[in-house]
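Notes for the one structure printed next.
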Amino acid sequence: MESPIEVKDNETVESLDFIRAAVAEDTAADRFGRRVQTRFPPEPNGYLHIGHVKAIAIDFGVAKDFGGVFNLRFDDTNPEKEEQEYVEGQIADLAWLGFEPANIYYASDYFDQLYDWAVELISLGKAYVDDLTADEMRAYRGTLTEPGRNSPYRDRSIEENLDLFARMKAGEFPDGARVLRAKIDMASGNLNLRDPAMYRIRHAEHQRTGDKWCIYPMYDWAHGQSDSIEGVTHSLCSLEYEDHRPLHDWYLDQLEVYHPKQIEFARLFITHTLLSKRGLIRLVNDGLVDGWDDPRMPTIVGMRRRGVPAKAILDFIERVGVSKTNSTADIALLEYYIRQELNLTAPRVMGVLEPLKVVITNYPAGQVEWLEAVNNPEDPSAGTRQLPFSRELYIDRDDFQEVPHKKFFRLAPGQEVRLRYGYFITCTDVVKDARGEIVELHCTYDPQTKGGYAPDGRKVKGTIHWLSAPHALNAEVRLYDRLFAAEDPGAYDDFREAINLDSLQIIPNAKVEPSLADAAPESVFQFERKGYFCVDSKDSRPGSLVFNQTIGLRDSWAKIQGKGG
RNA sequence: UGGGGGAUCGUCUAAUGGCAGGACACCGGCCUUUGGAGCCGUGAAUCGGGGUUCGAGUCCCUGUCCCCCAGCCA
């Protein structure tokens, strides 16, 4: 067995996070036969989000670093909330992220074993059938500071409990009529130990077991034993389960079965982002977004549709690290990794969001030249392509100022700029309509500056992107901003108040270069000087392209403007 | 005196009794056929109070603050 330090080493020896340190120690002490096995245990009641990626990366990463096994297990114990669609969606999300589980397991496959174990606990006098209603049970449970009281049904005979439990399974009782409870300690300071429910009656069809069962195990009763059955060595989970560890331990000890070690870590939180499953479900159900894969959603499917590379997500997660401190990562850190990855990989392309017509008055009508453009300055192997140039062009409206700001280096009356990979042009006339709106610019070009180089060595401060008007393709561009204006939407009683009303802006008549005609869905391009844009996987068609803005380029001009200087 | 957990630059983290380091963000500069990218640089932290020690973010005592738990959800 290699030590993880050796596995990781590149330049310097990295320190181990507290989980890996614990696993390393267990391995060194031969506590699990030098075996390491982890699992990611989601409930299939929604789509995975970036918060889950942290858990997956830890589970997967620990197994990988120690030469162990990583599995996916669905904790599918609540048929009322779970759907096959989510099972398949989560499997696909894992695959897209590049985490391949050795096995895919289901807690529902253990229902028979779990039932037998429940019978065993009853036989041991450690579990009983309770007839209290949910409300009564709550009242008997006590409060955080006061102990609870024993249920009047707590001392039923083993025989009666066995009989009742069998009849629960047989379907003799309606939903919620009775529950099987563990007999632990109603006075425990840990509420999870005040006779927790093990089984509830639900005459509901399960997506995998159909109508075989009408009693379903609770999470705590199923989870630890599932890990035990599978031979998980380290049950990694988030902080809120620390209080549940004593209960998991108790079940395993009563049953005298293999006992994994549970270690808890802090969940991921991100500024301006909602990462609670309940909240995301509400966004979807209330129609506040377009669905689970709305590009503004922090779901894997949403980010994927937005054009966020899996690698950027993974790099971000790695940088955030592993600890037990509740913390909130700045969304700017995620954005940094998105830009970093896309800068390296995204082909450059010309795209004009707000077209302004430019007529090159000294360029021959009807003439077309094809100019060479670099596909990716960060990657020479990406090669070059040809761009058409003609008398009529489009530039972006905000690349022209009639009365230029003193630090505005782009087009202005009498001011010369470079058209990227094209020519130097100078604005000679501004054409306006009756309302005074600028509708067209007249410019002259310098034939000596083809490709963007001046033979006389003269400099222009600005370089702008452009498109040949007759060759440009129409496209819809969807500009996205963060879904929540508030830094911590979770802090609001109603997160609607935290929502950013301008998180989506649709530009129906953007223009892009002709090479994009056959752009593949999900491919991401950099529109030069603008940002990164992804071909929408749902709505884009060869004849009517739709691009989702993944993220804008860093904009230092905006800073200059912001300072008023 | 319910139980459990946590406090290091603005943010996320490193340090395992020995110079508090990195990344993001911010600010400044260089460079530039993307006002992109890149490069260089500045500022910025050990929750408070005691103690142990040659030496404490780290060990001890004490206080403060924050998070989680009262589903027949996971």
Quiz prompt | Contacts of A:Y421 that satisfy ring-ring contact (aromatic ring centres under 6.0 Å, His included) - sequence neighbours left out | solution = none
Quiz item: With a 6.0 Å cut-off on ring centres, are A:F484 and A:Y492 close enough?
Solution: no
Quiz item: Whole Å only: how far is the CG atom of A:L247 from the C1' atom of B:G4?
Solution: 14 Å
Quiz prompt | A:E318 CD - B:C24 P separation (whole Å) | solution = 14 Å
Practice problem: For B:G35, take OP1 and OP2 only and decide whether either is under 4.0 Å from a side-chain N or O of A:R410. | Solution: no
Quiz item: Can you name the nearest heavy-atom pair linking A:D243 to A:N190, along with the distance?
Solution: O-ND2, 2.8 Å
Exercise. Hey, which sits more toward the 5' end of RNA chain B by its nearest nucleotide, A:L333 or A:Y532?
Key: A:L333
Self-check item: Footprint string (nucleotides 66-74 of chain B, 5' to 3'): B base within contact, S backbone only, - free, heavy atoms under 4.0 Å
Solution: -SBBBSBSB
Close N or O pairs between protein and nucleotides 14-18 of chain B (under 3.5 Å):
residue, atom, partner, partner atom, Å
B:A14, O3', A:S15, OG, 3.1
B:A15, OP1, A:S15, OG, 3.2

Quiz item: Strictly under 6.0 Å, is that where the ring centroids of A:W466 and A:F389 end up?
Solution: yes
Practice problem: Can you figure out which of B:C24, B:G22, B:A37 approaches the side chain of A:Y336 most closely? | Solution: B:C24
Quiz item: Of the non-hydrogen atoms in A:K511 and A:P355, which two are nearest, and what is the gap between them?
Solution: CG-CG, 3.6 Å
Practice problem: Side chain of A:T328 only, please: which of B:C12, B:G2, B:G35 is the nearest? | Solution: B:C12
Self-check item: Same-atom distance (P) from B:U58 to B:G50, integer angstrom
Solution: 14 Å
Quiz item: Quick one: which of B:G2, B:G35, B:U34 gets closest to the side chain of A:K407?
Solution: B:G35
Exercise. Using the C1' atom on both, measure B:A45 against B:G36 and round to a whole Å.
Key: 33 Å
Quiz prompt | Nearest-Å distance for atom pair CG/P, residues A:N343 and B:U32 | solution = 18 Å
Practice problem: Describe the nucleic acid contact of A:E378 in one word from base, sugar-phosphate, nothing, applying a heavy-atom distance below 4.0 Å. | Solution: base
Quiz item: What distance, rounded to whole Å, do you find between the two P atoms, one in B:A37 and one in B:G28?
Solution: 16 Å
Exercise. Over all heavy atoms of both residues, which pair between A:F424 and A:A454 is shortest? Give the atoms and the distance, please.
Key: CE2-CB, 3.6 Å
Quiz item: So, A:W557 versus A:H405, ring centres under 6.0 angstrom or not?
Solution: yes
Quiz item: Hey, would you say the A:F527 and A:F547 ring centroids sit under 6.0 Å apart?
Solution: yes
Exercise. Using a cut-off of strictly less than 4.0 Å, decide whether A:T463 has a side-chain nitrogen or oxygen near OP1 or OP2 of B:U34.
Key: no
Quiz item: Expressed as a whole number of Å, how far does the P atom of B:G10 sit from that of B:U46?
Solution: 9 Å
Practice problem: Not counting sequence neighbours, which residues clear ring-ring contact (aromatic ring centres under 6.0 Å, His included) with A:F409? List them please. | Solution: none
Quiz item: Does A:S556 place a side-chain N or O at less than 4.0 Å from the phosphate oxygens OP1/OP2 of B:G36?
Solution: yes
Quiz item: Is A:Y453 touching bases, backbone alone, or none of the nucleic acid, heavy atoms closer than 4.0 Å?
Solution: base
Quiz item: Just how far, in rounded Å, is P of B:G28 from NZ of A:K559?
Solution: 8 Å
Self-check item: Nearest-angstrom distance from the residue atom NE2 of A:H272 to C1' of B:A25
Solution: 12 Å
Exercise. Starting at the 5' end of RNA chain B, write a dot or bracket for each base, bracketing those in Watson-Crick or G-U wobble pairs whose two distances are under 3.5 Å and using | for partners on another strand.
Key: .((((((..((((....[..))))..((((.......)))).....(((((..]....))))))))))).....
Quiz item: Can a cation-pi geometry be assigned to A:R181 and A:Y128, taking NZ or CZ under 6.0 Å from the six-membered ring centre and within 45° of the ring axis?
Solution: no
Quiz prompt | Distance-only donor-acceptor test (3.5 Å): side chain A:Q340, base B:G38 | solution = no
Quiz item: Hey, does A:F265 reach any base, or is it just sugar-phosphate, or nothing, if we go heavy atoms under 4.0 Å?
Solution: nothing
Quiz item: To the nearest angstrom, how far is A:N375 atom CG from B:U34 atom C1'?
Solution: 14 Å
Quiz item: Roughly how far apart, to the nearest Å, are B:U52 and B:U62 at atom C1'?
Solution: 15 Å
Quiz item: Do you know the tightest heavy-atom contact between A:W213 and A:K169?
Solution: CZ3-CE, 3.6 Å
Quiz item: Closest nucleotide of RNA chain B for A:D330 versus for A:F409: which of these residues is on the 5' side?
Solution: A:D330
Quiz item: In whole Å, what separates the P atom of B:G57 from that of B:U64?
Solution: 23 Å
Practice problem: Check the distance between B:G35's C1' and A:D398's CG and give it to me in whole angstrom. | Solution: 12 Å
Self-check item: side chain to side chain donor-acceptor pair (under 3.5 Å) partners for A:R39, two or more places apart
Solution: A:H223, A:D227
Quiz item: So what does A:Q526 touch, heavy atoms closer than 4.0 Å: a base, only the sugar-phosphate, or nothing?
Solution: base
Quiz prompt | Check: B:U34 base within 3.5 Å donor-acceptor of A:R348 side chain | solution = yes
Quiz item: Whole-Å distance between B:U34 P and A:R339 CZ?
Solution: 18 Å
Exercise. Please measure how far the C1' atom in B:A44 lies from the corresponding atom in B:C59, and state the result in whole Å.
Key: 29 Å
Exercise. Flag the pair A:N376 / A:N343 as yes when at least one side-chain heavy-atom distance between them is below 4.5 Å, and no otherwise.
Key: no
Practice problem: Answer syn or anti for B:G71, where the cut-off is 90° from 0 on the glycosidic torsion. | Solution: syn
Quiz prompt | Nearest atoms (heavy-atom pairs only) where A:R418 meets A:G452 | solution = NE-O, 2.8 Å
Quiz item: For atom P, what is the distance between B:C9 and B:G5, given to the nearest Å?
Solution: 23 Å
